[in-house]
Each structure stands twice: as structure tokens, then as C-alpha cells.
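Taking it in order: structure first as C-alpha cells, then the write-up.
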Amino acid sequence: MNSIQKNTQRLFQDALNRCSEEGLIKGTTPEVPITLPKKPEHGDFATSIALMTAKKAGRPPRELAQMIIDRIQDPEGIIDSIEIAGPGFINIRLSDDVWYRGLETILREGSDFGRGEKRAHPKINIEFVSANPTGPLHVGHGRGAAVGDALARLLRFAGYQVSSEYYLNDAGRQIWNLGQSVYVRALEILREENSPVLKKSPLDIPEFPEDGYRGDYVSDIAQDLLEKKGAEWVVENTDMDNISSFAAARLTDTIRESLEKFNVHFDVWFSEKKLHESGSIKNAVNELRKTSYIYEKDGALWFKSSELGDEKDRVVVRDSGEPTYFASDIAYHADKYGRGFDHLINVWGADHHGYVARMKGAVQALGHSPDSLETLLVQFVTLKRGDEKVSMGKRSGQFVTVDDLLEEVGRDPMRYFFLERRHDSHIDFDIETARSQDPTVNPAVYVQYGHARACSIIRKAEKELVIKKQAFSIELARQLQHEDELRILRRMMDFPVIVEDAAEAREPHRVINYLQDLSRQFQSYYTRTKSDPVLPPPSVRKGDWRKNWDWEKTHARLLWVEAIAIICKSCLDILGLAASTRMARLSE
RNA sequence: GCGCCAGUAGCUCAGAUGGAUAGAGCGCCGGACUUCGAAUCCGUAGGUCGGGUGUUCGAGUCACCCCUGGCGUGCCA
């Protein structure tokens, strides 16, 4: 709720309370809802309070509505008119000055407009991507990256203290597998080169591991390994530790570079390996042993997750004595709490949803509220080229990588389309649309153009027409008489509400929808007011034109355009999209 | 079998936590530039919100039951 909405709400709340004090309403009075009507005819705000409390008042809703209205005290005169509509809705129209004051707020607060109040708690940890460093990032990871990063930005903007984190699974079987894959490829290279190192050695080339990594990048790493460490070093490395580490480190760098290019940053890269080395996993398991949720069966250690909302119990330590991935994850989450976070958000691929319940259970067993762990499941992306689906064979290793897409469609359209929809709905990503530079085709370009256009107007006013910017005054703002100018100003004042709600719901896509709407309204205004433009057109700039031009209106409109630019910029920043102040000319 | 998510216009999807006549983009069709910022804008058409029952002043939204699709249901990670 923004301040205008809050003030309006108070007037109605007070009026309702007066009804109650006079004994017109039985029982407790509910909080008065103030909503934004879909249709402009329904005023600036609407409330259904009369419908909600009609029963308690024992009167028809419309009659009650009138009684509430009669008890409104509005000394500041923020309300222009009130009417009862339909079955008993109260439609409220505010005085234009309220909105003009809003313009002042936007201009004064600038990039802070809409920002939530800073709060110390909850201290939020948001973990996302966390792809194994066993290969390049694919499209699915890309969506998770965009969603997690935008959510982190959104939460920060909304005032939360947020740390973003990548959990690096740089230990365990998959990493061993990776090392073995690289090792075999390296030996194959040596064989092909008829390397003397290999001939001297009696060892045969081992089979390529069945669930090994078959992508071309494995050979690249093998090649690199041979160059950096030398053939002998490689051949003599029979336990995979060194080679695995080399390969994982290499792939971690690759992943980090891809994410940087994608404008995704992490505050912390958290290593699973270090969790093993530091004894954290043992500690976490011991911690669990103190609870009643642990038991032994068939030589393994089990977690009684079935008592904490999961379908069945889960193994924590195998009969071999080796901890499972779940054990690492318990230790990891314990570590997050240990570092002072009181709210954890995990952004996971939808294929991990079977994992959510046991993780919540573990968190609970460790003594934290299960509500303090939130998991967002990001659905899959289908790639398309026009009508044609781009096939992605999972087994063959022939998947489309984040780098491929970055190269073909570019960073901003990619982020835009990954963020445009709710995280839990499937999306079709059309490469052809995304790579288009035409704003009428590509909504990602369209919203950037909206911002650039606003900036262009201001730049032109200052540089080309040498118009000196005027300070805000209510008299000046009253020059904004065009219906669209007021409507768009009202829409601008929604921004703080959009931010608050989007952050609360963990839904960055709401910011995109809002930005899309604001840009569209602005560009529509812009084209339709061609005969009454913000800036004096060349056709009038003749002779003594400066004396005849309506400067007050232009000054007011320039402030208004500036406010639009401010809000577009804030939206783009939250989404991690570039906010160019001018668009590159399209050549043909 | 069980569990989770989804099903809204030809297509892709919104729908602000239960509100008024369900919206947008794209596509289709029809319009607007001797350019101020047309790289844009305006308009028409298009719907039993998968189906049903219920909850209530009021349901795309909540509950229950079906149908369809995706995913999950490892001492894999």
C-alpha cells in the first residue's frame, strides 16, 4: 500500500469504527480493504467494505455504504467524490492535487522511490543455480539464474537484507565421474598422438565410464590438463582426486563467466567439499543424533522424515559409512542458519520437488520453523524457433547452453523472457522473437525503448532546445491537465505497491507486467498527443516562437516525463536489465 | 498406486491473495506518418476460465470429486 492508499484507508476505517461505536455494526469491525479498480470509471480506489459488513449491520449493503460515507471526516480534502455503485461498492475519486503531490514525491525520492524501508529481519539467504560443476549451464539453469537474481534484487529493493549464494557440489560421485571422463579422454588424446609416455606405461586405457560426461568440453579440459600438467603427471594419476579438482575448478570458472555475462552475481560461492573437510557434515549428523528423528537400520543411518511431512524415511549415512547428498545438504542448511540467516529461499529446478518435504523436515529437526525454509520450483523451458521446437536430447549431451543463447539472442531479451512468467509455469522461449530488435515484435526491446524515449525527450529539451528545468511546484503540476497524464501519474503511484506485493509473493514477473503497462501507456500517450507534444516541434520553431509557446505546460510535462524515466529505470534495475538512455538506430 | 505443479482468446500467458462487464502481447482483419520521439499508435473480431458439485451477498481465484498434461516417488546428485 502506498501512502495515498493508506491515508484513504484510514478515513474509511475511522468512519467504519464510528458506525461500530454507534452500535450500527455488531461484533468486531474488519480491516477496510482498499483496492485499485480495473476500470477508470470506478474511480481511483474502491472498497467492498459495505458488502462485507452488511450482515453484521443487518442492513442492505448500499444503505450501509451511505452510512459509512456520512461518517467520513476529511479535513485535508483529499477526497474529491464518492459514489455507491453496483451491489454496494464504494468508489472513491481523490482530488487531483493528491496525485500532483505524488509527482513531487517521485521527483524528490528519485531512485529511492518505491524502495521499502530497510529492515534488519528477516535476514534472507537466497540460493540458486547451484548446478554441478560437471558441465556448462544449460537453458534450465539460465531460467533459475534469472529468477533467483531478479528476486534477490527485488527483495533488496523492498528493503530486505539479502545474500545470494551458489552451492557448489564439488565433491562426491559426480565429480569423481567427471574426473574419470577427463582422464579417459586425456589418455585417448595421448594414444592418438602416439605419445611415448603412454607407450612406456603398461596400462590400458580404461573404459569410458558408463554415466560419464560425453560433451566436447570434456576433451577440451583433457587437452588443457595435458598442457598444464604434462602427460606423465596425468598418466600417473590413478586416483582421480587431482584430475577431478582440476576439471571441477575449470568448469566452475566457465559457469561463473557465463553467469557474469548474464548479469547474475553471487555474494557467496559455497563449496560442498569444504563442508566435508571442515567436519561440518559429521557435526550436523551428530546434531541430528541428539534428536529422536534418527535411527539405524540395515547398517545405515536413517532420518525419520516420514514424521515430518515426507512420504518416507531417508538415508543420511550409507551402510558404507559414507554420507548421502542429503547429509551434505542438511549440513549446508545448518550452516546457513549458523551464519545468522533467519529465512532461507532455495530456487530449484522443478525436478527437485520430491526433495522439498525432506529438507523442510530436516530443518524442523534442527530446531527451526519449517516456514523459515522456502523453496521456489522453477519449471522447464521449451525452446522454439518460430513454430519449430528445438530438441534437447538430455542423454546425448546435445543441450542448448546459456552461452549459446547469450550469443544468439543477447543478455537482456533472455532475462526478460525468463522473468516474464511466473516461476512455476512452463514457458515457451521463442528464439526468433527474442533476437528481434523490433520493439513491436520483442517486448524486451519495447520496455527498454520506453525508458530510452523518456530520456531522449529530457535530453533533447536540455541540450537541443536549452530549456531550463523548473523546480516542482503544485501550481506547475496543475498544468498536467491531459487525461492520460493524470492516469499515468496514478499508475506511477502504484509502483511502491507493486514492489511490496511482488517481493512478498516472490514474483518478479509482476514488475515486468507493471513496466510493460507503464511503457505502453506512455508510448501510447506519446504518439496520440502528436498534435499537442511535450516539446515544441520544428514546425513552430520559427521567428518569435519562444514568446508564444506555452512554457508552463512544457515544464510540467518535462517533470512528468522525468518521473516516468525514474520509475522505468527502477523497474529495469530490479530486473537486471540495461537501462539505456538512447536506443541504437536500427539499420534497415 | 501415491504426491506436487499446471489447464484462461488461434498462439504465449497475466489476472494485484474472494469483487463490478475475465485482460495483455503476438497473430488475423481494417485504419493513422509530405515524422517533433512511426523503432510508434488507433480500432474490429475472438471465451460455457478442462468438467462437475459445494462454500457465500459474490468464485478464474477457496474445498471436494473426475479428465488431460508435466514432474517426482534412489543407500543418485
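Here is how names work: the chains are called A, B, and so on, in the same order as the sequence lines, proteins then strands, and each is numbered from 1. The structure displayed is predicted, hence computed values, not measured ones.
Side-chain nitrogen and oxygen atoms of A/K38 include none within less than 4.0 Å of the OP1 or OP2 phosphate oxygen of B/A22. One finds no side-chain N or O of A/S328 lying less than 4.0 angstrom from the OP1 or OP2 phosphate oxygen of B/A77. Side-chain nitrogen and oxygen atoms of A/H509 include none within less than 4.0 Å of the OP1 or OP2 phosphate oxygen of B/U12.
Note: A/Y325 and A/Y355 have tilted aromatic rings, judged against thresholds of 30 and 60 degrees for the angle between ring planes. Relative ring orientation between A/Y332 and A/Y167 is described as parallel, the plane-to-plane angle staying below 30° on a 0-90° scale split at 30° and 60°.
As a whole-Å value, the separation of A/L64 CG from B/C57 C1' is 13 Å. A/L515 has its CG atom 14 Å from the C1' atom of B/A24, to the nearest Å. The CG-P distance, from A/D319 to B/C75, rounds to 11 Å in whole Å. A/D494 has its CG atom 14 Å from the P atom of B/A16, to the nearest Å. For the pair A/R510 CZ and B/G23 P, the computed distance is 19 Å after rounding to whole Å. To the nearest angstrom, C1' of B/C26 lies 12 Å from OH of A/Y416. Atom CG in A/D428 sits roughly 17 Å away from atom P in B/G27 (whole-Å rounding). One can place CD1 of A/I90 at 17 Å from P of B/G19, the figure rounded to the nearest angstrom.
Side-chain contact between A/L405 and A/L383: present, with at least one pair of heavy atoms (C-beta onward) separated by less than 4.5 Å. Under the 4.5 Å side-chain criterion, counting only non-hydrogen atoms from C-beta, A/I68 is in contact with A/L64. A heavy-atom distance below 4.5 Å is not found between the side chains of A/D319 and A/D298.
Proximity note for A/H42 (side chain, C-beta onward) versus B/A39, B/A20, B/U12: the nearest is B/A20. You'll find that the side chain of A/W302 is closest to B/C75, out of B/U17, B/G15, B/C75. When the nucleotides B/U73, B/C76, B/G72 are ranked by their closest atom to the side chain of A/Q174, B/C76 comes out on top. The nucleotide whose nearest atom lies closest to any side-chain atom of A/E311 is, among B/A77, B/C2, B/C42, B/C2. Listed nucleotides B/G70, B/C41, B/A77 differ in distance to A/T324; the shortest reach to its side chain belongs to B/A77. Closest to the side chain of A/H353, out of B/G70, B/A38, B/A16, is B/G70. For A/Y325, counting side-chain heavy atoms from C-beta on, the closest listed nucleotide (B/A20, B/C41, B/A77) is B/A77. Residue A/Q523 places its side chain closer to B/C41 than to any other of B/A77, B/C41, B/A39. With B/C41, B/C71, B/A20 as the candidates, the nucleotide lying closest to the side chain of A/D351 is B/C71. Closest to the side chain of A/Y446, out of B/C41, B/G19, B/A14, is B/C41.
As rounded to the nearest Å, B/U61 and B/G54 have C1' atoms that lie 15 Å from one another. For the C1' atoms, the distance from B/U12 to B/G7 is 14 Å, rounded to whole Å. Annotation: B/C11 and B/G51 have their P atoms spaced 15 Å apart (nearest Å). Spacing between B/A77 and B/A39 at atom C1', rounded to whole Å, works out to 47 Å. For the C1' atoms, the distance linking B/A16 with B/C33 amounts to 38 Å, nearest Å. Rounded to the nearest Å, the gap between the P atom of B/C65 and that of B/G3 is 9 Å. Rounded to whole Å, the separation between the P atoms of B/C4 and B/G43 comes to 45 Å. The P atoms of B/A9 and B/G47 are separated by 10 Å, rounded to the nearest whole Å.
At a threshold of 4.0 angstrom between heavy atoms, the contacts of A/V534 include nucleobase atoms, whether or not backbone atoms are also involved. Within the nucleic acid shown, A/A350 comes within 4.0 Å of sugar-phosphate atoms alone, with no base atom in reach, counting heavy atoms only. Residue contacts shown for A/A85 include a base, since a base heavy atom lies under 4.0 Å away. When heavy atoms are screened at a 4.0 angstrom cut-off, A/Y514 is found touching no nucleic acid atom at all. At the heavy-atom level, A/P87 lies nowhere under 4.0 Å from the strands shown. Nucleic acid contact for A/D424: sugar-phosphate only, since backbone atoms but no base atoms lie under 4.0 Å from a heavy atom of the residue. A/H352 comes within contact range of at least one nucleobase, with a heavy-atom separation under 4.0 Å. Residue contacts for A/L377: at a heavy-atom cut-off of 4.0 Å it reaches no nucleic acid atom on any strand shown. When heavy atoms are screened at a 4.0 angstrom cut-off, A/A46 is found touching base atoms of the nucleic acid. Across all strands shown, A/R421 has heavy atoms under 4.0 Å from base atoms, whether or not it also approaches the sugar-phosphate. A/R422 comes within 4.0 angstrom of sugar-phosphate atoms only, judged by non-hydrogen atoms across all strands, and of no base. Within the 4.0 angstrom heavy-atom criterion, only backbone atoms of the sugar-phosphate kind lie near A/Y449; the bases stay farther away. Looking at heavy-atom distances under 4.0 Å, A/S425 makes contact with sugar-phosphate atoms alone, never a base.
Panel note: side chain A/H426, backbone A/V381; no donor-acceptor pair is recorded below 3.5 Å.
Annotated as anti: B/U44, whose O4'-C1'-N torsion sits more than 90° from 0.
Along RNA chain B, the nucleotide closest to A/N169 and the one closest to A/R491 are compared, and the more 5′ of them pairs with A/R491. For A/Y355 and A/E41, each mapped to the nucleotide of RNA chain B holding its nearest heavy atom, the one lying further toward the 5' end belongs to A/E41.
Residue-nucleotide stacking is not present for A/F380 and B/G70, judged by a side-chain ring centre under 5.5 Å from the six-membered base ring centre and planes under 30° apart.
A cation-pi arrangement is absent between A/R358 and A/F303, since the terminal nitrogen or guanidinium carbon is not both under 6.0 Å from the aromatic centre and inside a 45° cone about the axis.
For A/R582, the CZ atom counts as loosely surrounded, since its 6.0 Å shell holds 12 or fewer non-hydrogen atoms of other residues, nucleotides or ligands. The 12-atom threshold is exceeded at NZ of A/K56, counting heavy atoms of other residues, nucleotides or ligands nearer than 6.0 Å.
Here B/U17 sits opposite no nucleotide as a Watson-Crick or G-U wobble pair (both hydrogen-bonding atom distances under 3.5 Å). Pairing for B/C29 goes to B/G43, judged as Watson-Crick or G-U wobble with the two contacts each under 3.5 Å. If you check B/C64 for Watson-Crick or wobble pairing at under 3.5 angstrom, you find it paired to B/G52. Nucleotide B/G3: paired with B/C71 (Watson-Crick or G-U wobble, both distances less than 3.5 Å).
Within 3.5 Å, a donor on the side chain of A/N91 pairs with an acceptor on the base of B/A20, or the reverse.
When all heavy atoms are compared, the tightest approach of A/Y213 to A/Q174 is OH-OE1, 2.7 Å.
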